[in-house]
Amino acid sequence: MNASASASTPAAGTGTAAASGVTLTDRYVWAVVRALPESQRSDVDRELRASITDALEARLEGGEDASHAERDILTDLGEPARLAARYADRPLHLVGPEYYLAWKQLLILLLAIIVPIAAVASATIQALTGATFGGVIGSAIGLAISAGVHIAFWTTLAFVIVERTRTDRSPLVPFSLDALPQPPRAGQPGLAGFVCTTVLLAAWIAALVGQQFWPFVTDASGETIPVLAPALWPLWVGVFVLLALLEIVWAYALWSTGRYTRMLFLTSAALSVAFAVIASILLTQDVINPEFARAVGIAEWTGRGKVVNIVVAIAVGALAAWNIVDGWMKYSVSRKQD
């Protein structure tokens, strides 16, 4: 049998022949070589048949039955597609161990940044175009899922291409001792603290946007009465949503860094001051929608110069001051531990 015939069609060979004259060995070799490039088929065909023949002759000399020996040999060789992959030096995985950690770290980072931004952007756009509360939430969830799927697909595809085309097998990002994380410090939040902060701020964002559409209180015609004054939507509500998103980014930076740094303290203080100043200015006018206040019976307590505005302004200032003092104390402790 010539090489080209053995590489292109199942031909008679070593082993026990079936009624058609084609042996299990012929079928096995054909299953292997058909998955190989044309240039490799004839060489692998000869090499594989010779290996099977040697193993079969050794078993026959030991007194084994020919048909049983052939089956055992081919079974031991394993699945033809897997054997073909070894001959072709072809990976049987999407992302191998050389690139898996880089793929995982990049994927988690992109998902953590892009998915929330996509969800908030979608919710904001839907809210500005007058969508219902259900429409806002549904659109945000849908876009978040779509963004996550696209990020996972395209990131994985990029690493699959790199895995199969890059000849240098060294890590994409060389390991450096300078990149080792700092051990957790006393009084600084771990993953649970970051998750808790994120959930609370996400709820705050949902409340800010949702109050505009959620039918908590409606007028005589059934239209939703927003909780906040109409003058605050969408500009000032958007400002507070942005501050909340920046707080989430700050909480992630603190968790990933593992310690309070000077920059983290200054950033936290700046966010606290910005929130307090903007809130205090807004509290000098109507913050609660007067129509909503009348509908729920709190009109005499809310409004410019009234008790609710004064108490909230004092509370916001005290909270901002405490946040700055607490941040300084934690930064001081972290600095002493260095």
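Since we're looking at a predicted model, the values are computed, not measured. Positions are given from 1, in the same order as the sequence printed here. Side chains included, hydrogens not; waters and symmetry mates left out as well; all remaining heavy atoms used.
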So, for [X] and [Y], which heavy atoms are closest and what is the spacing to 0.1 Å?
| X | Y | answer |
| --- | --- | --- |
| F265 | W328 | CE1-N, 3.3 Å |
| I225 | A295 | CD1-CB, 4.5 Å |
| A84 | L36 | O-CD2, 3.3 Å |
| L77 | R86 | O-NH2, 4.1 Å |
| L56 | A66 | CD1-O, 4.0 Å |
| A229 | D286 | CB-O, 3.4 Å |

With a 4.5 Å cut-off on side-chain heavy atoms, are [Y] and [X] touching?
| X | Y | result |
| --- | --- | --- |
| L109 | Y252 | yes |
| I52 | V29 | yes |
| L48 | V32 | yes |
| V273 | I324 | yes |
| L24 | R27 | yes |
| I278 | W236 | yes |
| L245 | V249 | no |
| K104 | I108 | yes |

Parallel, tilted or perpendicular: which one describes the rings of F240 and F275, with boundaries at 30° and 60°?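 Plane angle over 60°, so perpendicular.
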Side chain of [X], backbone of [Y]: donor and acceptor closer than 3.5 Å?
| X | Y | answer |
| --- | --- | --- |
| S146 | G142 | no |
| S256 | A253 | yes |
| N289 | E291 | yes |
| N323 | A269 | no |
| Q212 | W233 | no |
| E163 | Y99 | no |

If you measure from [atom1] on [X] to [atom2] on [Y], what distance do you get to the nearest 0.5 Å?
| X | Y | atom1 | atom2 | result |
| --- | --- | --- | --- | --- |
| T198 | E247 | OG1 | CD | 10.5 Å |
| L74 | L83 | CG | CG | 10.5 Å |
| L200 | I248 | CG | CD1 | 10.0 Å |
| T267 | W250 | OG1 | CH2 | 9.0 Å |
| Y331 | M263 | OH | CE | 10.5 Å |
| I151 | L106 | CD1 | CG | 9.5 Å |

Are [Y] and [X] co-members of a hydrophobic cluster defined by side-chain heavy atoms under 4.5 Å apart?
| X | Y | answer |
| --- | --- | --- |
| L143 | I145 | no |
| V239 | L242 | yes |
| I161 | L107 | no |
| I113 | V199 | yes |
| L319 | L271 | no |

F292 vs Q211, test: side-chain contact (heavy atoms from CB on, under 4.5 Å). Steps then yes/no. CA-CA 11 Å; F292 175 85; Q211 59 82 31; over 6 Å; no
Would V237 and L228 satisfy side-chain contact (heavy atoms from CB on, under 4.5 Å), going step by step from the backbone distance to the final call? CA-CA 9 Å; V237 171; L228 299 179; 4.0 Å; yes
Would you kindly say whether W103 and T155 are connected by a side-chain donor-acceptor distance under 3.5 Å?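 No, no side-chain donor-acceptor contact under 3.5 Å.
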Can a side-chain donor-acceptor contact be found between D72 and T75 if the only test is distance below 3.5 angstrom?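 Result is no, nothing qualifies.
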Quick test of your reading of the model: are R41 and E38 salt-bridged, counting only N-O distances below 4.0 Å?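 Between E38 and R41 there is a salt bridge, with a charged N closer than 4.0 Å to a carboxylate O.
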Are D65 and R59 ion-paired here, with the side-chain N under 4.0 Å from a carboxylate O?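 Between R59 and D65 there is no salt bridge, as every charged N stays at least 4.0 Å from the carboxylate O atoms.
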Determine, stepwise, if the pair W154 / L157 fulfils side-chain contact (heavy atoms from CB on, under 4.5 Å). CA-CA 5 Å; W154 292 110; L157 179 61; 3.5 Å; yes
Could you tell me which residues satisfy side-chain hydrogen bond (donor to acceptor under 3.5 Å, both in side chains) with S139, sequence neighbours excluded, listed by chain and number?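 Result, side-chain hydrogen bond (donor to acceptor under 3.5 Å, both in side chains) vs S139: S122.
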Who else is in the cluster with I314 when I, L, V, M, F, W and Y are joined by side-chain contacts under 4.5 Å?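 Cluster partners of I314: I310.
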Derivation and outcome, side-chain contact (heavy atoms from CB on, under 4.5 Å), residues D26 and R49: CA-CA 9 Å; D26 293 328; R49 287 182 184 277; 2.9 Å; yes
